[in-house]
Amino acid sequence: MTRSPARIDLSDDAHETIASKSAEQLPLETGGVLLGYREGRNIVVTHALTIDGQAGTNRYVRDDVRANELLEEFLAGRADDDPTGYVGEWHSHPTPSGPSPTDVAAMRAIARSIADPVALLVYAPGRTNPFIGLITQRHRLGRITSTRAEVSFPSSRFTPLGPLPDGAVRGDGPVFISYRQSDGTPHAESIEGLLRAAGLVVWRDNSDLRAGTTIDRLEQALTKGLSAGVLVVTPEIVYSEIVRERELPRLLELDNDSAFSLCIANAIPRAGDGSKCDYGGPDRLLRLSPARTLADKKQSNMLAPTGEVEIVRDLLMHRVEQRRPKIREEGRPFTIRVQTRPTPFALEADEDDLHIRIRSSDNGRLPSGEGLENLKTTLPLTGDAVYASGAKTARISGGAHLSVALAIGAALPETKIGNVEVLDARDQIWTSVTPEDDPMITQVHSRRLTLAGPRTPKVQDRAAIFISLTPAPDETAFERLLHDSTEPFATAAVISITGSDRIDSRESGRLSAAIARLIKQLAATNGRAEVHLAFHGPYPMAILIGRYLNTLRTVVYEWENSHTSDSLYSPALILEPGTAGGPITDVLVRGGQGES
């Protein structure tokens, strides 16, 4: 009768320790000691300790002193009747190979000093069963035998994935961000902020994961219409079962569809050069090695300042590539929806080509400084995306802080985008082109203000302008701006309207161009002065006026009326559309998250 081979049973904890530590150390070997107890001919491994040592690509020698220290620490806290103790050794092989003659000889040496059987586990990723087990035992008269052992470990707690349903890829769907929370959250938040500011809707677990079983909700998010995914790979992702067993397989399946785009944000530093990323790291830490599944895909270096911007640019252009044929075929406008106040959710994904959102402020009326910084980074990309779409018209809807509206208009100048239309809350279209039915009721009026204090040549380069497009404008906050400014102005003026109480949307093209001419004249007559602009009027007019600021340096103010102060205009950002990096060249809203 032939006896079945002895067995080595691994606990889930020991299995995860060996697999994750081996993945971290690839392409080097690593190893340690096994702890557990014996059941007849079988060995139960409850824990695996990792021991530092001399490691190479085909060699591992553990530090015996350190091994003894860790072993004593482990055993010190256990009860007297606890049978758990030393039961063997483990180490990894970078290539899918079993124990070498050297490994066998080492175990035989150990067995000579131990009465009980000792186990050797070799972990070799790339094999169907990555564990190879060996039990070595000393018998009577000193005879030592080494025999192969079956290795068992708990099966995955995840059920097999089913096929992707129809509609799992949707051109206007959200961008899914996959990451390990412990060390990937800062990267995920930063990428999320930039993607939202660029106009892409994002799915994030912290805002979009609904009540219920996490795995079920993730599966729903991954299979009900995504346009793209960002896989953030950080060192501790090696410990994320959710990413490894659920999110990564689904993202790879989705990426087989050409309408889907998977970006890999690599934050694994290369050995010896912390500024460059290790392109083999994602496969290694997600236990795909020795396959080059992710190494053969484009990866963005999160250790470089340009890494996040590269991802945003790629996904924006992917969106345009998906939309461009239909835009040209239908001759429709490129549509952008803007919001700067409500909390964003993935549910917002709809048929708009872009949906610009910036982080909302926690207090006051000012926009978030952090959100404006994101917008500063992404607006040049957004302008390029609209231009690349081939659309003759950009149509904007929604609502935003007026400083943001001016900046968006500056990103879509008349020299780049033929026509801009703004859809207001009443579905009326405000357009940069003057229509034939312009009622010509409203006219623009400019009034110079008398400034206190002597004028000197030093103040020739600052002009304060208040644009108020509502009847009987309240100039109190603007007067406070002039009075409180630490630097004097060369000139100050109020641009207002006459002839009507409310601007007819059909007048928007003529009025926006006329107001822009007055602004440029005031700047030109004061030595191309820096314009300090406070705006009070309809949101569509801010966008249309912003289109004409391309030759100016404009400090844009935002009206603030918090409970801690009287109403005032605070500087929000600087626009220089005609310079590299514009239209926003500086953000002036300060304070932590950017709030006032």
Side-chain angles (χ1 to χ4, degrees), residues 340 358 361 364-373 375-377 379-380 400-411 413 446 448-449 451 455 458-469 475 477-495 515-537 541-561 567-591 594-596:
T340 57
I358 66 170
S361 173
R365 289 179 174 271
L366 297 180
S368 155
E370 188 178 3
L372 291 179
E373 288 287 356
L375 199 65
K376 174 187 171 186
T377 300
L379 266 185
H401 287 83
L402 294 175
S403 56
V404 172
L406 284 160
I408 290 174
S446 174
R448 293 287 187 102
L449 301 182
L451 294 172
R455 306 270 69 81
K458 293 182 179 178
V459 301
Q460 290 298 310
D461 60 350
R462 284 165 52 90
I465 300 175
F466 178 42
I467 299 176
S468 180
L469 305 182
E475 300 177 11
F478 182 64
E479 290 170 353
R480 182 173 292 118
L481 185 160
L482 298 176
H483 180 269
D484 294 345
S485 175
T486 56
E487 295 182 58
F489 294 101
T491 187
V494 175
I495 298 175
I515 291 169
R517 279 196 298 274
L518 287 174
I519 295 172
K520 290 180 178 178
Q521 287 171 7
L522 285 167
T525 55
N526 290 277
R528 295 181 59 80
E530 177 183 84
V531 174
H532 289 247
L533 183 62
F535 183 91
H536 180 63
M541 287 297 289
I543 292 178
L544 298 179
I545 292 171
R547 301 193 73 207
Y548 296 103
L549 301 178
N550 55 318
T551 59
L552 300 174
R553 174 182 167 88
T554 307
V555 180
V556 177
Y557 289 69
E558 191 76 51
W559 187 66
E560 182 180 9
N561 185 23
S567 61
L568 52 85
Y569 277 106
S570 296
L573 49 84
I574 296 177
L575 294 177
E576 292 183 90
T579 63
I584 300 175
T585 56
D586 201 359
V587 173
L588 305 176
V589 178
R590 305 298 181 199
E595 286 65 42
S596 61

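This one's a predicted model, so the numbers in the text were calculated from it and none came from an experiment. Heads up: numbering here begins at 1 and tracks the sequence.
Partners of Glu475 according to the salt bridge (charged side-chain N to carboxylate O under 4.0 Å, His left out) rule, which considers only residues two or more places apart in sequence or in another chain, are Arg447. Scored by the side-chain hydrogen bond (donor to acceptor under 3.5 Å, both in side chains) test, Tyr569 finds no partners at all (sequence neighbours excluded). In this structure, Ser446 has no side-chain hydrogen bond (donor to acceptor under 3.5 Å, both in side chains) partners at least two apart in sequence or on a different chain. Residues satisfying the side chain to side chain contact (heavy atoms under 4.5 Å, CB included) test with Ala464, not counting sequence neighbours, are Phe478, Leu482, Phe489, Ala492. Remark: Ser485 pairs with Arg462 by the side-chain hydrogen bond (donor to acceptor under 3.5 Å, both in side chains) rule, at least two apart or across chains. Residues passing the side chain to side chain contact (heavy atoms under 4.5 Å, CB included) test with Ser468 are Phe466, Thr470, Pro473, His536, sequence neighbours excluded. Residues satisfying the side-chain hydrogen bond (donor to acceptor under 3.5 Å, both in side chains) test with Thr340, not counting sequence neighbours, are His401. Every residue meeting the side chain to side chain contact (heavy atoms under 4.5 Å, CB included) condition with Thr585, not counting sequence neighbours, appears here in chain and number order: Ile574, Glu576, Thr579. Ala405 pairs by the side chain to side chain contact (heavy atoms under 4.5 Å, CB included) definition with Tyr539, Ala542, Ile543, not counting sequence neighbours.
Here the CG-CG distance, from Leu568 to Leu481, works out to 8.5 Å after rounding to the nearest 0.5 Å. Rounding to the nearest 0.5 angstrom, the gap separating the CD1 atom in Ile495 from the CG atom in Leu533 is 8.0 Å. To the nearest 0.5 angstrom, Leu402 atom CG is 11.0 Å from Trp559 atom CH2. Of the inter-residue distances, the one linking Glu487 atom CD with His532 atom NE2 reads 7.5 Å to the nearest 0.5 angstrom. Taking CD1 of Ile515 as the start and CD1 of Ile545 as the end, the distance is 4.0 Å to the nearest 0.5 Å. To the nearest 0.5 Å, atoms CE (Met541) and CG (Leu406) are separated by 10.5 Å.
For the pair Leu366/Ser570, a side-chain contact is recorded, criterion being any heavy-atom separation below 4.5 Å from C-beta on. Lys520 places none of its side-chain heavy atoms less than 4.5 Å from the side chain of Val531. Here the side chains of Pro367 and Ser403 are in contact, with some heavy-atom distance below 4.5 Å. Within the 4.5 Å cutoff, the side chain of Ile519 has heavy atoms near those of the Ile467 side chain.
Shown here for Ala572 and Leu372, the closest heavy-atom pair between the two residues is O-CD1, 3.8 Å. Minimum interatomic distance between Leu469 and Gly537 (heavy atoms only, all atoms of both residues): CB-CA, 4.1 Å. For the residue pair Arg528 and Thr551, the shortest heavy atom distance occurs at NH2-O, 3.3 Å. Here the closest non-hydrogen pair linking Gly582 and Pro380 is O-CG, 3.1 Å.
Among Leu575, Ile584, Leu588, the single residue meeting the side chain to side chain contact (heavy atoms under 4.5 Å, CB included) criterion with Val556 is Leu575.
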Side chain to side chain contact (heavy atoms under 4.5 Å, CB included) evaluation trace for Glu558 with Leu573: CA-CA 9 Å; Glu558 191 76 51; Leu573 49 84; over 6 Å; no
